[in-house]
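It should be emphasised that the depicted structure is a prediction, and the values quoted were computed from it without experimental measurement.
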Amino acid sequence: MSSQTFAIEIPNERLKTYNLVTFIILSLNFFGFGFVFLKTLSTESYLAIFLLILNAVPWSFYLLNKKHIKFPIVEIAFIASACMWLYIGSVWMGIFLLAFTAIGFVANKKSLIHFSDEGIVYPSFPLKKYAWSEVSQVVWKDDVLTIDLKNNKLLQLTIEDGFAKRFDYNAFNEWCSKKK
């Protein structure tokens, strides 16, 4: 008997918060480099001009699109900015930007719930694993995934329309009903 697995993409709740914080940090970084540019108009102004342009590109994308760009241009700009902050001697700013970039790569990952013969793996930090013995029922109906646990906890997630159209939820519901 072959084991079947399902991976269902759920909305990434962290993304809205991350995008707002990213916009704020991009803005502060942009204006911070503008300040550096004004302070270093003498010998190293080429560096400040480069940094200002580097941060202006993703910042303007945010202003124009009002959403996060799929290509990690913002994270790349943060890494370059962090290196430049480190170069000009602002170690804490560089470390902060590198840490925020690492968080960004995690926050922008797709959130997938994995269903297998062993149980359910829910994408939280840390990962939550539910054995089938802990689950009362799993149902996908009208693009809402419901996981009813025996400890009276109920997880309900709205599945995005694009993913739902590509997924055979009837086969999934049938497979889950056999797991009780």
Side-chain angles (χ1 to χ4, degrees), residues 1-27 29-30 54-80 97-180:
M1 179 186 223
S2 67
S3 66
Q4 192 170 7
T5 62
F6 293 92
I8 298 176
E9 186 177 339
I10 60 172
N12 188 343
E13 300 298 327
R14 303 172 297 228
L15 202 55
K16 285 183 182 179
T17 304
Y18 172 75
N19 286 341
L20 176 64
V21 173
T22 299
F23 176 72
I24 291 168
I25 291 174
L26 271 173
S27 299
N29 203 36
F30 177 70
L54 176 74
N55 284 281
V57 171
W59 190 64
S60 61
F61 273 123
Y62 258 80
L63 290 177
L64 295 174
N65 295 327
K66 304 284 189 203
K67 62 182 178 180
H68 188 69
I69 300 109
K70 296 294 181 196
F71 181 74
I73 190 169
V74 174
E75 286 80 11
I76 292 168
F78 278 156
I79 290 170
L97 284 176
L98 289 174
F100 188 75
T101 302
I103 291 168
F105 283 117
V106 172
N108 286 315
K109 253 179 35 175
K110 286 184 180 180
S111 293
L112 298 171
I113 296 181
H114 294 278
F115 294 84
S116 68
D117 290 335
E118 290 78 37
I120 302 168
V121 178
Y122 188 81
S124 61
F125 185 78
L127 286 177
K128 291 182 184 171
K129 297 179 182 181
Y130 301 105
W132 284 107
S133 60
E134 301 174 67
V135 177
S136 292
Q137 184 179 15
V138 176
V139 176
W140 178 334
K141 184 177 180 184
D142 297 328
D143 295 339
V144 176
L145 176 64
T146 303
I147 303 171
D148 187 9
L149 301 173
K150 290 183 179 175
N151 65 1
N152 289 332
K153 188 173 183 181
L154 185 69
L155 303 171
Q156 284 192 313
L157 305 153
T158 303
I159 307 301
E160 293 180 7
D161 196 39
F163 182 83
K165 287 180 180 176
R166 298 185 314 263
F167 194 84
D168 184 5
Y169 63 89
N170 289 323
F172 172 75
N173 284 335
E174 184 179 323
W175 182 81
C176 287
S177 67
K178 294 177 184 176
K179 293 295 170 192
K180 291 184 191 178

Among residues at least two apart in sequence or on other chains, which ones pass side-chain contact (heavy atoms from CB on, under 4.5 Å) with [X]?
{"X": "I24", "value": "L20, L28"}
{"X": "D142", "value": "none"}
{"X": "E134", "value": "Y130, A131"}

Heavy-atom closest pair, residues [X] and [Y]:
{"X": "P11", "Y": "E160", "result": "CA-OE2, 4.0 Å"}
{"X": "L112", "Y": "E9", "result": "CD2-CA, 3.5 Å"}
{"X": "L127", "Y": "Y122", "result": "CD2-O, 3.5 Å"}
{"X": "I10", "Y": "P123", "result": "CD1-CG, 3.8 Å"}
{"X": "C176", "Y": "W132", "result": "SG-CH2, 4.1 Å"}

Kindly list each side-chain donor-acceptor pair under 3.5 angstrom involving residues 147-159, sequence neighbours excluded, with atom names and distances?
from, atom 1, to, atom 2, distance (Å)
K150, NZ, S133, O, 3.2
N151, OD1, K153, N, 3.1
Q156, NE2, T146, OG1, 3.2

Sort and list the pairs that fulfil side chain to side chain donor-acceptor pair (under 3.5 Å) and have at least one residue in residues 163-176, not counting sequence neighbours. D161-K165
side-chain hydrogen bond (donor to acceptor under 3.5 Å, both in side chains) partners of E118, counting only residues at least two apart: S116
Distance, nearest 0.5 Å, that separates CG of L98 from CD1 of I79: 7.0 Å
Do the ring planes of F167 and W140 sit parallel (below 30°), tilted (30 to 60°) or perpendicular (above 60°)? parallel
Hey, does V138 have a side-chain heavy atom less than 4.5 Å from the side chain of L145? yes
